[in-house]
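All of these numbers come straight from a predicted model, not from anything done at the bench.
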Amino acid sequence: MKLTEAEWQIMNVLWEGWPATTRQVADRLPDEINWAYTTIKTMLTRLADKHVVKETKKGSIGIYTPLLTRQDARRIALKSLANQAFDGSAKSLVMHLLEQDNPDSDELTEINKAISEYVKKRGAK
């Protein structure tokens, strides 16, 4: 299950605060997004059809709750990117990011710490 760029915008709003109505989602979208109410409603309906959000009705008003966590959505998106652009290689993906982003020494220290913690945690299993 892959989210479109527009669906990511909607989901980011829901992950920040849910449940939410279509109006609340519209009000929380970044200022540069000028989608019509009906466009947002259509996208929420599609997300519900994909089982990414749950719609409950309160009278005629739809209230939306995310079923997909941000962490799971990121995992799916990253796995798809790794498979498509890096032949499924996490190493190639990480090396590309390091080469393109050119992190400073503080960021590299944080990355090394995160890798060390991951290796430690993984070794404990």
Side-chain angles (χ1 to χ4, degrees):
M1 193 290 315
K2 209 171 181 182
L3 295 176
T4 66
E5 189 174 330
E7 289 169 339
W8 274 98
Q9 293 288 346
I10 299 286
M11 291 305 295
N12 281 327
V13 168
L14 287 174
W15 288 321
E16 291 302 318
W18 51 270
T21 64
T22 304
R23 177 61 51 212
Q24 289 169 327
V25 170
D27 291 345
R28 294 179 195 158
L29 284 167
D31 291 339
E32 63 271 8
I33 296 177
N34 301 339
W35 296 331
Y37 176 91
T38 53
T39 300
I40 297 166
K41 176 67 176 144
T42 298
M43 285 194 285
L44 284 164
T45 299
R46 286 184 185 158
L47 287 166
D49 290 344
K50 288 181 172 184
H51 305 288
V52 175
V53 301
K54 176 183 170 188
E55 179 186 24
T56 54
K57 290 282 192 180
K58 190 169 188 177
S60 63
I61 297 174
I63 301 171
Y64 300 90
T65 304
L67 296 174
L68 179 69
T69 66
R70 180 179 275 159
Q71 182 176 349
D72 284 344
R74 286 176 175 168
R75 181 183 47 77
I76 292 165
L78 197 54
K79 186 170 182 80
S80 175
L81 175 65
N83 286 337
Q84 289 176 346
F86 297 96
D87 298 323
S89 169
K91 176 187 170 194
S92 294
L93 172 62
V94 170
M95 292 306 297
H96 180 79
L97 290 171
L98 289 172
E99 290 166 1
Q100 296 303 310
D101 194 38
N102 197 18
D104 63 28
S105 61
D106 289 342
E107 289 174 311
L108 286 171
T109 299
E110 287 180 45
I111 291 167
N112 280 325
K113 182 180 174 186
I115 291 171
S116 294
E117 289 173 6
Y118 172 79
V119 168
K120 234 188 272 186
K121 189 165 87 173
R122 189 171 179 199
K125 288 185 179 182

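- Remark: the backbone N or O of Leu68 is not paired with any side-chain donor or acceptor of Asp72 at under 3.5 angstrom.
- Arg46 CZ to Thr4 OG1: the interatomic distance, rounded to the nearest 0.5 Å, is 8.5 Å.
- With a 6.0 Å radius and a threshold of 12 heavy atoms from other residues, nucleotides or ligands, Glu5 has its CD atom at or below the threshold.
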Q) What do the steps show when you test Thr22 against Tyr37 for side-chain contact (heavy atoms from CB on, under 4.5 Å), and what is the final call? A) CA-CA 7 Å; Thr22 304; Tyr37 176 91; 3.5 Å; yes
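- Once rounded to the nearest 0.5 Å, the distance linking CH2 of Trp35 with NZ of Lys41 reads 15.5 Å.
- The hydrophobic cluster containing Leu81 does not contain Trp8, counting ILVMFWY residues as joined when their side-chain heavy atoms lie under 4.5 angstrom apart, directly or transitively.
- Annotation: the span from Leu93 atom CG to Leu98 atom CG amounts to 9.5 Å, rounded to 0.5 Å.
- Grouping the Ile, Leu, Val, Met, Phe, Trp and Tyr side chains by contacts below 4.5 angstrom, directly or via other members, places Leu78 apart from Tyr118.
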Q) What do the steps show when you test Met11 against Val52 for side-chain contact (heavy atoms from CB on, under 4.5 Å), and what is the final call? A) CA-CA 9 Å; Met11 291 305 295; Val52 175; 3.6 Å; yes
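- The cluster map of Ile, Leu, Val, Met, Phe, Trp and Tyr, joined by side-chain heavy atoms under 4.5 Å apart, puts Ile115 and Phe86 in different clusters.
- Cluster annotation: Met95 is connected to Val119 through the hydrophobic network of ILVMFWY side chains, with a link wherever side-chain heavy atoms come within less than 4.5 Å.
- Using a cut-off of 4.0 Å between Lys/Arg side-chain N and Asp/Glu carboxylate O, Glu117 and Arg122 are scored as not salt-bridged.
- Within the structure, side chain to side chain donor-acceptor pair (under 3.5 Å) contacts touching residues 74-98 (residues at least two apart or in different chains) are Ser89-Ser92.
- Proximity of a side-chain donor or acceptor of Glu107 to a complementary backbone N or O of Asp104 within less than 3.5 Å is detected.
- The line from CZ of Arg70 to CG of Leu14 is 10.0 Å long, rounded to the nearest 0.5 Å.
- A salt bridge links Lys50 with Glu7: the closest approach of a Lys/Arg side-chain nitrogen to an acidic carboxylate oxygen falls below 4.0 angstrom.
- The main-chain N or O of Thr21 is found under 3.5 Å from a side-chain atom of Gln24 such that the two form a donor-acceptor pair.
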**Q.** Verdict with reasoning, Met43 to Thr45, per side-chain contact (heavy atoms from CB on, under 4.5 Å)
**A.** CA-CA 5 Å; Met43 285 194 285; Thr45 299; over 6 Å; no
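- Cluster note: Leu67 groups with no other residue, as no ILVMFWY side-chain heavy atom lies under 4.5 Å from it.
- Atom-to-atom distance recorded for Leu47:CG and Lys54:NZ is 15.5 Å, nearest 0.5 angstrom.
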Q: Please step through side-chain contact (heavy atoms from CB on, under 4.5 Å) for the pair Ile10 and Ile40, ending with a clear verdict.
A: CA-CA 8 Å; Ile10 299 286; Ile40 297 166; 3.9 Å; yes
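- Between the side chain of Trp18 and the backbone N or O of Ile63, no donor-acceptor pair lies under 3.5 Å.
- At distances below 3.5 Å, at least one donor-acceptor pair connects side-chain atoms of Arg28 with backbone N or O atoms of Gly17.
- More than 12 heavy atoms of other residues, nucleotides or ligands lie within 6.0 Å of NZ in Lys57, so this atom counts as buried by the packing criterion.
- Between the Thr109 side chain and the Ser105 main chain, a donor and an acceptor come within less than 3.5 Å of each other.
- To the nearest 0.5 Å, the span separating CG on Leu29 from CG on Asn34 amounts to 10.0 Å.
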